[in-house]
2 protein chains.
Amino acid sequence: MATTLHDVAKLAGVSAKTVSNVVNDYPHIKQATKERVLAAIAELGYRPNLSARGLRSGRSGVISLIIPDLRNSYFAELADAVMHAADQLGLSVLIELSGGDRAREAELLRGARLRAVDGVLYSALHLGDEDLAVVEEVTIPMVLLGERMFNAPNDHVTMRNTEGARAATEHLIALGRTRIVAFGAHRADIVSSASLRLAGYRAALDAAGMVFDPALVREVPVWGRFDGAVAMRAMLDEGVAFDGIVAFNDALALGAMRVLSERGVAMPDEVAVIGFDDIDEGRYSLPSLSTIAPGREQIARTAVSLLIERIAGGVDDVPPRRVYADFELVRRESTATSPVGADSSAADVS
Amino acid sequence: MATTLHDVAKLAGVSAKTVSNVVNDYPHIKQATKERVLAAIAELGYRPNLSARGLRSGRSGVISLIIPDLRNSYFAELADAVMHAADQLGLSVLIELSGGDRAREAELLRGARLRAVDGVLYSALHLGDEDLAVVEEVTIPMVLLGERMFNAPNDHVTMRNTEGARAATEHLIALGRTRIVAFGAHRADIVSSASLRLAGYRAALDAAGMVFDPALVREVPVWGRFDGAVAMRAMLDEGVAFDGIVAFNDALALGAMRVLSERGVAMPDEVAVIGFDDIDEGRYSLPSLSTIAPGREQIARTAVSLLIERIAGGVDDVPPRRVYADFELVRRESTATSPVGADSSAADVS
DNA sequence: TTGAAAGCGCTAACAA
DNA sequence: TTGTTAGCGCTTTCAA
């Protein structure tokens with residue numbers, strides 16, 4: 001079998017506790033002892049049994065990240081950022097995929113796996129304030145990501161959705177666009193990224209004294225490229241007139257742009273497009289895609305930090321914190337004033 | 001504290017062992033006993049402590065997936081497929097990112113985390129046969145993914161790189177292209193996806209009686225969109241003439257296509273492009289990108305199955321297995337014979 | 001079909 | 001600064 005603490009202790013001529021102290025960087029150890037132990041560890045190739053440590057200490061050094069899927073670039077890039085943040089703080093990340101399925105979103109919160117991790121970062125698409133009971137049953141530290149479940153008693157990290165959508169819309173208005181589509185709305189009655197972004201869109205129109213036209217609000221329940229393409233195709237077929245699109249995420253925008261190109265609609269001249277998320281792909285599309293960058297790194301770092309604080313304890317009496325990451329308007333060709341190709345070093349490709 | 005097996009046992013009026021049997025679906029249990037235990041579990045909200053189980057049984061129910069990063073769509077989609085395959089077999093996946101860093105690729109193989117998991121799926125970019133010593137030190141079951149380390153004593157799942165590249169090249173040759181770029185070559189002296197794909201490219205040229213022109217082999221060390229764009233820009237600036245591109249992955253192809261579009265090069269008329277990986281994004285680019293689909297799902301399912309077999313044991317005397325997944329040539333607009341736009345339901349968007 | 005006893009490898013609490 | 005004792009919650013082994 002694998003070597004244990006005791007094997008090391010025997011070889012080094014010390015007690016198991018001393019070896020444990022060395023392994024855990026306990027400060028008060030005589031240098032000579034430490035070196036002897038370290039030598040024994042190296043000689044035997046000892047590596048601690050994390051299950052035993054976890055059982056004894058109640059800590060596993062692992063956190064869960066629950067997200068819909070990894071095929072979606074936004075979540076893949078978010079997961080990447082979370083893993084780097086966690087790694088720097090000595091934590092491993094166990095990813096669990098809800099598949100955007102409501103039942104599974106709830107199920108994962110109840111699963112046994114959640115007893116094996118120290119904390120969880122949870123990003124739901126469907127679970128909302130009406131499911132608070134499930135959320136409150138979670139006994140380990142949990143930090144919420146995204147827009148759902150605003151009333152849960154947990155720390156919560158999210159972007160400034162409304163302000164971001166407003167900035168995006170104002171950007172198009174400043175370009176002189178008058179018929180701007182809100183692309184990717186959801187059912188209006190629940191708080192979600194979609195409803196917050198729609199509110200920002202409306203606020204921008206109101207502030208500019210523009211009329212809100214419901215015909216320009218396009219519902220797209222799923223925010224993928226495919227869904228964006230289908231919805232845009234339908235919109236064009238219906239003959240709706242528009243000269244700008246605020247897409248509620250980049251994937252939707254990219255799907256829509258593909259259809260606009262097929263139909264020979266010039267971007268940004270005939271239709272200017274801006275998305276949300278700043279996924280890498282948007283830098284290389286044609287035209288490159290203007291977007292609202294949500295502050296992904298900041299979200300990841302903040303979420304992991306808040307979670308670690310809760311895991312460490314000592315903040316039990318601190319009420320739920322809500323952190324809003326800073327967004328940034330990224331201007332690319334899809335909302336440029338000069339036509340595509342005028343600047344051959346376009347986008348940030350160069 | 002959380003409820004334990006004993007709490008359940010006490011409430012149900014049975015021994016801990018019986019509860020354990022129920023939890024683990026041990027077959028020979030009287031129905032009445034089982035129901036009583038189940039009721040007690042439900043009443044107390046009992047969930048097993050995975051650390052304790054892991055300590056006792058030597059199994060954690062977790063496997064590691066070591067990949068370069070998640071910003072790269074290929075790996076994100078691969079990870080997604082692996083997680084689904086693992087989930088169906090009751091395993092959780094702990095992802096570790098090597099960042100495409102050679103030292104870290106080795107370090108992760110030695111880490112303590114690898115003692116806490118039952119097995120590992122390992123995809124290296126840099127570690128090769130010259131690092132066999134590190135690989136051989138891994139004591140838990142390990143299945144290799146990708147092209148590196150062909151001589152390691154492990155099961156290995158990969159795509160048919162050479163055949164795939166040959167099919168891609170032959171596809172362009174059939175289109176009448178005569179000056180085809182091999183885009184994304186690496187140092188020739190090591191076995192890698194790049195060298196295998198280059199071999200396939202050469203084989204296709206040879207079979208067609210075409211001359212191999214080293215000027216058409218373009219080295220691009222990193223396979224990202226950005227790198228593809230930079231390399232293509234350089235190539236155009238150098239004035240190399242070509243009418244086809246076999247890009248060694250889709251990201252490279254997409255980066256190159258962006259530059260070709262900027263420069264007004266018509267695709268596929270002036271330059272036909274085909275990539276590798278079949279990432280989702282290629283369906284929505286303009287033109288949509290023809291590609292070699294590597295059989296990602298098959299790779300994921302097979303790798304997880306092989307790993308589980310090794311974990312379960314009983315195959316210790318079975319020599320290392322090598323599985324080659326089936327690839328598929330996916331024809332899209334970037335190698336279509338009719339010009340883009342002729343078919344408005346282009347790509348598989350519709 | 002069920003129970004009793006033992007102990008996986010580690011660290012917390014305390015003692016020396 | 002280091003050692004001793006105990007036990008985390010579970011499953012394995014063996015017995016009944």
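Labels below follow one simple rule: chain letters A, B, ... track the order of the sequence lines, proteins then strands, and each chain is numbered from 1. The basis for the numbers below is simple: all heavy atoms, side chains too, and nothing from hydrogens, waters or symmetry mates.
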K.L.:
Look at A/N21 and D/dT2 and indicate whether a side-chain polar atom (N or O) is within less than 4.0 Å of OP1 or OP2.
P.N.:
no
K.L.:
Considering only residues two or more places apart or on different chains, which pairs with a residue in residues 82-96 of chain A satisfy salt bridge (Lys or Arg N to Asp or Glu O under 4.0 Å)?
P.N.:
A/D87-B/R104
K.L.:
What residues, two or more places apart in sequence or in another chain, satisfy side chain to side chain contact (heavy atoms under 4.5 Å, CB included) together with B/S73?
P.N.:
B/E77, B/R225, B/I279, B/E281
K.L.:
Can you list, by residue number, the residues of residues 29-49 of chain B that have a non-hydrogen atom closer than 4.0 angstrom to DNA chain C?
P.N.:
B/I29, B/K30, B/T33
K.L.:
The criterion is side chain to side chain contact (heavy atoms under 4.5 Å, CB included); which residues satisfy it with B/S98, sequence neighbours excluded?
P.N.:
B/P68, B/E105, B/L108
K.L.:
According to the ring-ring contact (aromatic ring centres under 6.0 Å, His included) rule, which pairs have a member within residues 48-101 of chain B, sequence neighbours left out?
P.N.:
none
K.L.:
Answer yes or no: does a side-chain N or O of B/T18 lie under 4.0 Å from OP1 or OP2 of C/dT2?
P.N.:
no
K.L.:
If the cut-off is 4.0 Å, is B/S57 near the phosphate of D/dT11, judged by side-chain N/O to OP1 or OP2?
P.N.:
no
K.L.:
Let me know the distance between NE2 of A/H28 and C1' of C/dA16, rounded to the nearest Å.
P.N.:
17 Å
K.L.:
Once salt bridge (charged side-chain N to carboxylate O under 4.0 Å, His left out) is applied, do any residues pair with A/E309, and if so which ones, sequence neighbours excluded?
P.N.:
A/R321
K.L.:
Between B/R71 and A/D280, is the closest basic N to carboxylate O distance under 4.0 Å?
P.N.:
no
K.L.:
Output every pair passing ring-ring contact (aromatic ring centres under 6.0 Å, His included) with a member in residues 24-55 of chain A, not counting sequence neighbours, ordered by first then second residue.
P.N.:
A/Y26-A/H28
K.L.:
For a quick test of reading the model: is some side-chain N or O of A/T4 closer than 4.0 Å to OP1 or OP2 of C/dG9?
P.N.:
no
K.L.:
When you compare the protein's N or O atoms with those of nucleotides 14-16 of chain D, which come within less than 3.5 Å of each other, and at what distance?
P.N.:
none

K.L.:
Look at the side-chain N and O atoms of B/R53 and state whether any lies under 4.0 Å from the OP1 or OP2 oxygen of D/dT11.
P.N.:
yes
K.L.:
Which residues pass the salt bridge (charged side-chain N to carboxylate O under 4.0 Å, His left out) test with A/R36, not counting sequence neighbours?
P.N.:
none
